[in-house]
Amino acid sequence: MKLWIIILSVLITQNAFAQTRISGIIKDQRGHILNGATITLKDTYDGTISDSTGKFSFKTFEKGDFILEVRNIGYKSVQLKITLPEKEPLKLDFNLKEEISELKAVMVTAGSFEAGDRKRAVTVLSSLDVLTTGGANADITATIKTLPGAQQVGEKEGLFVRGGEGYEAKQFIDGTLVNNPYYTSVPDIASRGRFSPSLFKGTVFSTGGYSALYGEALSAAVILESIDLPERSEASASFSSVFVGGGLQHLANDKKSSFGFDYGYTNVAAYFHIVKQTPDYFDMPQYHTADANFRIKTKHGGMIKYYSTFSYGHLGLRNPNIDSMSLKNAFGLINTNWYNNLSWKENLGNGWKLNLGSSFSTNLDNFNQQIQNQQNLPVYTGKIYIDSLNFKLKNTENLAQLKTVFEKRLAGISVLRFGGEYWYAYNKSIYNNTFTAYNGILKDNFVALFSEADISVSNNLAIKAGLRLEHSSLIQKTNLAPRIALAYKTGKDAQMSFAYGIFYQKPENNYLQVTTNLGYTSATHYILNYQKMNKDYTFRVEAFYKKYNDLLKIYPVYNNSGSGDAKGVELFWRDKKSIKGFDYWISYSYLDTKRDYLYYPMQLQPTFAAKNTLSVVTKKFLTSIKTGFNFTYSFATGRPYYNMVPDAGGTKYVIRDQGTTLPYNNLGFSMNYVPSVGKPHAKTFWVFVASITNVLHSQQIYGYNYSHDGTVKVPITPPAPQFFFLGVFLSWGVDKTQDAINNNL
């Protein structure tokens with residue numbers, strides 16, 4: 001009897017302390033083994049970690065209902081309800097889903113160079129780069145020209161990208177189009193941009209494949225995002241060889257609002273007296289500029305921003321008339337421009353955001369050209385091809401815009417955006433010359449609807465898909481533009497991207513003044529790139545193909561029968577680490593493009609396109625002498641030029657002369673001396689700047705102008721071989737000397 005009691009007690013004890021083995025294997029959704037995953041019974045001390053083969057195994061004495069939890073960094077945790085003890089060991093396999101993170105997720109980069117303070121973007125080009133690029137003179141466009149895809153065109157304003165005309169690249173500020181981003185140019189002399197790089201915290205230069213939220217840009221888009229609140233209040237002043245200025249920025253004590261204003265005056269009379277110019281300026285270029293802003297942070301974390309800038313300028317110059325050495329072309333210009341931008345970003349809750357943007361701009365150009373004799377008096381020769389150059393043109397451009405974008409956060413970091421925009425454009429031209437007169441008004445009610453989704457399938461795969469619908473009342477045409485881009489992470493800091501899209505643009509107003517019986521021009525983009533990028537290095541290679549359709553032809557009749565294509569490959573390398581305290585980047589573009597448009601008799605390489613373009617930018621700051629040295633070397637193979645005239649039958653143009661210009665060479669230099677560095681108690685902060693373009697005095701020829709009979713051929717060259725700049729910038733309240741020192745040097 002005692003023996004049975006002992007045996008029964010042993011059996012009961014063994015049953016009471018029986019263990020259950022739990023084992024299995026941990027993988028991701030693609031079947032890859034995950035080692036180091038933590039497997040635990042919640043609210044107990046039992047658990048283990050998966051080994052190098054993804055397997056795990058542990059025993060537990062627990063019994064009852066429990067939650068088995070599996071966790072691994074970068075993956076969503078899994079919880080499974082189980083009952084213990086079990087008669088048999090538990091065999092459980094898990095497939096963990098990757099946790100999509102804003103910091104780790106791949107970004108679509110095909111066609112775009114991004115810069116600014118985006119949370120998960122290592123910048124390619126920052127606002128500070130614009131300020132410190134040698135020879136760029138703090139001009140956004142001049143700095144962008146050192147990136148792949150942009151051409152070195154010096155006789156016209158604008159960005160010429162991948163075989164596209166300058167007007168095929170548009171600029172946007174806080175979501176809305178800028179109608180006149182450059183100062184009005186004069187014949188054969190390019191003008192600089194109107195906006196300072198210090199206004200912006202983020203910049204996207206898209207050489208193609210850009211977002212469906214933007215339109216009316218056939219080849220490229222420069223998307224600028226203005227700064228929010230300043231760090232603190234400050235006053236500033238500037239004195240230079242060509243301008244003086246000053247301003248104030250005031251930040252409220254609660255740091256939730258600010259306002260500011262600036263004024264600048266430019267007069268190059270003294271500079272032109274020292275540095276002789278090829279044109280004879282009878283009215284020295286003068287400009288008055290003023291801007292104002294306010295910014296308000298809302299209680300829900302949103303931001304209201306308003307920016308306004310006004311400019312007034314005039315100039316007059318004479319050049320020899322190409323058809324008669326005894327005559328001159330006297331050209332005069334008066335320009336008035338006013339630009340306003342109001343935006344509101346707001347968090348609506350439950351993953352919703354609202355972006356409202358509005359802008360209004362007006363631009364008035366008064367052109368006046370006379371044929372003058374050697375005594376600078378107006379004359380008439382009786383020759384149509386000379387006397388027709390006497391003209392007056394008054395051109396008014398107004399543009400009002402309203403844009404609404406709703407944004408909804410989806411699962412993970414995926415986002416859906418949709419909305420619409422309305423533009424009202426008004427253009428009035430009054431033109432008179434010796435033989436004709438014209439008075440025309442163009443009005444356009446332009447409406448666009450768009451939708452776009454950023455889908456992060458995983459940290460390694462992202463998709464951007466969009467659709468844009470546009471309608472213009474002026475040309476009575478509608479278009480539908482699909483766009484899609486993919487990005488796949490190929491390794492640490494490395495990824496590949498592909499982009500496809502169709503892009504539309506109306507003909508320019510000077511052609512629509514002749515006839516509105518025209519349609520949209522279009523370009524289809526295909527882009528493939530590879531990029532490896534971290535905070536120290538950037539390597540990028542990109543191939544593209546662009547097909548032009550419905551380009552504008554103006555001879556013998558106006559229509560959309562033009563066509564063309566562009567293809568090529570581009571390389572970019574930036575290194576901030578290999579040489580201590582030294583930053584440099586190298587960009588190279590190969591472009592093969594032809595187009596049949598305007599009066600071209602066939603598909604030809606356009607005069608603004610070079611096959612090979614190279615830029616090398618270097619930056620070095622020496623703390624021992626508080627000085628930065630910046631060099632930029634740009635090279636481009638020669639561009640084609642043509643002398644085209646109508647044939648005898650008046651059915652097409654024929655090429656009477658053609659050739660290739662000299663290769664383009666330009667070494668730019670700038671120096672920044674910052675004596676306030678290392679003086680934390682200084683009350684006034686100084687930056688001295690000196691810069692020069694074309695240091696080596698290279699001969700630069702952009703093309704040729706021809707006389708009426710083709711016997712005289714005059715090269716188009718810069719107004720002076722070099723440009724020099726000296727300036728001192730002062731600020732009180734905020735130490736801005738770091739703006740003269742390159743990133744993290």
Side-chain angles (χ1 to χ4, degrees), residues 151 153 155-156 158 160 162-168 187-188 218-219 322-323 383-389 391 429 431 433-436 438 440 475 477 504-524 546-567 591-611 638-661 702-716:
Q151 295 283 297
V153 176
E155 73 276 22
K156 297 179 183 178
F160 295 76
R162 291 182 174 175
E165 274 270 21
Y167 55 74
E168 295 176 16
D188 297 332
L218 202 62
S219 291
I322 197 170
D323 287 296
K383 299 176 181 179
I384 295 177
Y385 58 88
I386 295 180
D387 293 344
S388 62
L389 299 178
F391 72 86
S429 294
Y431 177 81
N433 74 5
T434 306
F435 306 100
T436 62
Y438 173 80
I475 61 175
K477 297 291 191 302
Y504 293 93
Q505 186 173 343
K506 293 184 304 179
E508 294 296 284
N509 285 330
N510 55 320
Y511 303 119
L512 291 172
Q513 292 283 6
V514 178
T515 177
T516 58
N517 189 27
L518 298 170
Y520 288 100
T521 58
S522 70
T524 303
K546 181 164 54 173
K547 178 65 176 175
Y548 288 102
N549 293 297
D550 303 319
L551 292 179
L552 180 65
K553 295 282 289 184
I554 63 173
Y555 193 87
V557 295
Y558 278 63
N559 58 40
N560 287 91
S561 62
S563 62
D565 66 2
K567 50 187 175 292
L591 173 65
D592 179 10
T593 181
K594 291 183 178 180
R595 57 166 53 192
D596 176 14
Y597 81 130
L598 300 182
Y599 48 81
Y600 279 30
M602 64 190 79
Q603 285 200 1
L604 298 169
Q605 181 181 344
T607 57
F608 51 79
K611 282 190 175 293
R639 293 187 276 143
Y641 62 85
Y642 310 101
N643 181 22
M644 300 183 192
V645 296
D647 66 358
T651 60
K652 66 176 183 178
Y653 269 63
V654 295
I655 299 175
R656 187 161 57 184
D657 183 43
Q658 62 180 314
T660 303
T661 65
Y702 302 133
Y704 289 89
N705 289 322
Y706 289 85
S707 62
H708 179 72
D709 60 8
T711 59
V712 180
K713 178 180 175 181
V714 177
I716 302 171

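These numbers were taken from a predicted model, which means no experiment stands behind them.
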Sidechain N-carboxylate O distance under 4.0 Å for [X], [Y]:
{"X": "D647", "Y": "K652", "answer": "no"}
{"X": "D592", "Y": "K611", "answer": "yes"}
{"X": "R595", "Y": "E165", "answer": "no"}

Sub-4.5 Å side-chain heavy-atom contact between [X] and [Y]:
{"X": "I554", "Y": "V514", "value": "no"}
{"X": "Y520", "Y": "K506", "value": "yes"}
{"X": "V712", "Y": "D323", "value": "no"}
{"X": "Y548", "Y": "E168", "value": "yes"}
{"X": "V153", "Y": "R639", "value": "yes"}

field: Distance in Å, Y653 OH paired with N643 CG, rounded so as to fall on 0.5 Å steps
entry: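 The distance works out to 10.0 Å.
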
query: When rounded to the nearest 0.5 angstrom, what distance separates CG in N517 from CG in L512?
result: 10.5 Å

Whether Y706 side chain and R656 backbone form a donor-acceptor pair below 3.5 Å: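 No; judged by distance alone, with no hydrogens or angles, the pair does not exist.
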
- prompt: Donor-acceptor pair, Q505 side chain versus L218 backbone, under 3.5 Å?
  reply: yes

Around atom [atom1] of [X], are there more than 12 heavy atoms from other residues, nucleotides or ligands closer than 6.0 Å?
{"X": "I655", "atom1": "CD1", "value": "yes"}
{"X": "K383", "atom1": "NZ", "value": "no"}
{"X": "K547", "atom1": "NZ", "value": "yes"}

task: Mind running side-chain contact (heavy atoms from CB on, under 4.5 Å) on E508 and L552 for me, showing each step along the way?
output: CA-CA 10 Å; E508 294 296 284; L552 180 65; over 6 Å; no

field: Non-neighbouring partners of Y641 that pass ring-ring contact (aromatic ring centres under 6.0 Å, His included), sequence neighbours left out
entry: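 Only Y704 meet the ring-ring contact (aromatic ring centres under 6.0 Å, His included) criterion with Y641.
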
field: Working for side-chain contact (heavy atoms from CB on, under 4.5 Å), residues K156 and Y702
entry: CA-CA 10 Å; K156 297 179 183 178; Y702 302 133; over 6 Å; no

query: Should S219 and R162 be marked as a side-chain contact (heavy atoms from CB on, under 4.5 Å) after you check the CA-CA gap, both sets of side-chain angles, and the distance that decides it?
result: CA-CA 7 Å; S219 291; R162 291 182 174 175; over 6 Å; no

task: Show your reasoning for whether side-chain contact (heavy atoms from CB on, under 4.5 Å) applies to L518 and K477.
output: CA-CA 9 Å; L518 298 170; K477 297 291 191 302; over 6 Å; no

message: For a quick check under 3.5 Å, do T711 and D709 share a side-chain donor-acceptor pair by atom type?
response: yes

Give the table of side-chain donor-acceptor pairs shorter than 3.5 Å for residues 598-609, with sequence neighbours excluded, one pair per line with atom names and distance.
unit_1	atom_1	unit_2	atom_2	d
Q603	NE2	S563	OG	3.1
Q605	NE2	A609	O	2.8

